[in-house]
Amino acid sequence: MKFFLDTANVEEIRQAASLGVLDGVTTNPTLAAKEKKPFRELILEICGLLPKGVVNAEVVSTNTEGMLREGRELASWAPNIVVKIPMTPDGVRALTVLHGEGIRVNVTLVFSPSQALIVAKAGAYFVSPFLGRLDDISSDGMALLRDILAVYRPYNFSTEVLAASLRHPMHIVEAAKLGAHIATMPFKTFEQLFKHPLTDRGLEAFLKDWEKARETLGEILEPAARPSRR
Ligand code: E4P
């Protein structure tokens with residue numbers, strides 16, 4: 001499963017990227033607006049932090065012509081940009097054309113298996129079902145993901161399923177169990193994936209025991225090679 005960070009915050013992306021398990025970033029107009037920077041500058045800064053990953057940048061036009069212009073422009077900014085387009089009839093028209101031009105498109109705001117089928121037929125690179133927003137209205141987001149994967153399976157569509165609007169670690173685990181290609185998550189959720197109280201408690205006990213026997217055990221590293229203790 002690929003991990004994407006659902007943010008446009010450069011510091012969060014820098015921190016997550018340093019761990020070596022980050023495959024990409026998803027931004028949207030709401031996330032970009034929080035950063036208070038020119039959009040092009042922001043996206044290029046993010047692209048620079050993830051030269052081997054993909055960066056999803058969204059159009060804001062709502063008609064096909066505008067989406068085509070913005071999509072081509074966004075794709076020209078850096079080779080690792082994927083253009084995000086909303087799931088509307090105009091969006092699907094734009095997707096068809098951009099796919100034909102070799103531009104990678106992520107279709108966003110997907111809430112039903114029928115929408116997912118359409119965008120796979122039209123050549124979407126990613127499809128983004130919003131699981132958390134369905135859960136928010138007492139619907140079953142995970143059931144949508146299961147249905148999309150089920151309808152894609154018999155046809156071997158190349159579209160990758162990007163589980164979006166994830167809110168907590170179990171969303172990611174459940175999406176992985178179902179076989180979603182990608183999970184995009186807020187930085188807070190990414191951090192939560194690493195945490196377990198037994199890991200912290202276990203490490204604390206190991207270090208305490210080591211400290212007690214320190215005189216006998218000595219040091220692993222020669223004095224000159226020792227890093228300063230935090
Ligand atoms: C991802 O591409 C979406 O923009 C994002 O996951 C939406 O998440 P939200 O429902 O938490 O805003």
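Numbers here simply count residues along the sequence, with the first being 1. Just follow the structure's listing: the first ligand is 1, and inside any ligand the first atom is 1. Quick caveat, the model's predicted, so the values are computed rather than measured.
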*Any chance the side chains of Ser165 and Arg167 put a donor and an acceptor closer than 3.5 Å?*
yes
*Could you check Glu35, Lys188, Lys34, Glu12 and say which one makes a side chain to side chain donor-acceptor pair (under 3.5 Å) with Thr7?*
Glu12
_Using side-chain heavy atoms (C-beta onward) and a distance below 4.5 Å, is Leu5 in contact with Thr26?_
no
*Phe126: which other cluster members, linking ILVMFWY side chains closer than 4.5 Å, directly or transitively?*
Phe4, Val54, Val82, Tyr125, Leu162, Ile182
*Using only heavy-atom distances, determine whether the side chains of Asn56 and Asn106 contain a donor-acceptor pair under 3.5 Å.*
yes
Check each N or O atom of ligand 1 against all protein N or O atoms and list the pairs under 3.5 Å, with atom names and distances to 0.1 Å, one per line.
residue, atom, partner, partner atom, Å
ligand 1, 2 (O), Lys84, NZ, 2.7
ligand 1, 4 (O), Asn28, ND2, 2.7
ligand 1, 4 (O), Lys84, NZ, 3.3
ligand 1, 6 (O), Asp6, OD2, 2.6
ligand 1, 6 (O), Ser165, N, 2.7
ligand 1, 10 (O), Arg133, NE, 2.6
ligand 1, 10 (O), Ser165, OG, 2.7
ligand 1, 10 (O), Arg167, NH2, 2.9
ligand 1, 11 (O), Arg167, NE, 3.3
ligand 1, 11 (O), Arg167, NH2, 3.4
ligand 1, 12 (O), Arg133, NH2, 2.7

*Do the rings of Phe190 and Phe194 sit parallel, tilted or perpendicular, given the 30° and 60° boundaries?*
perpendicular
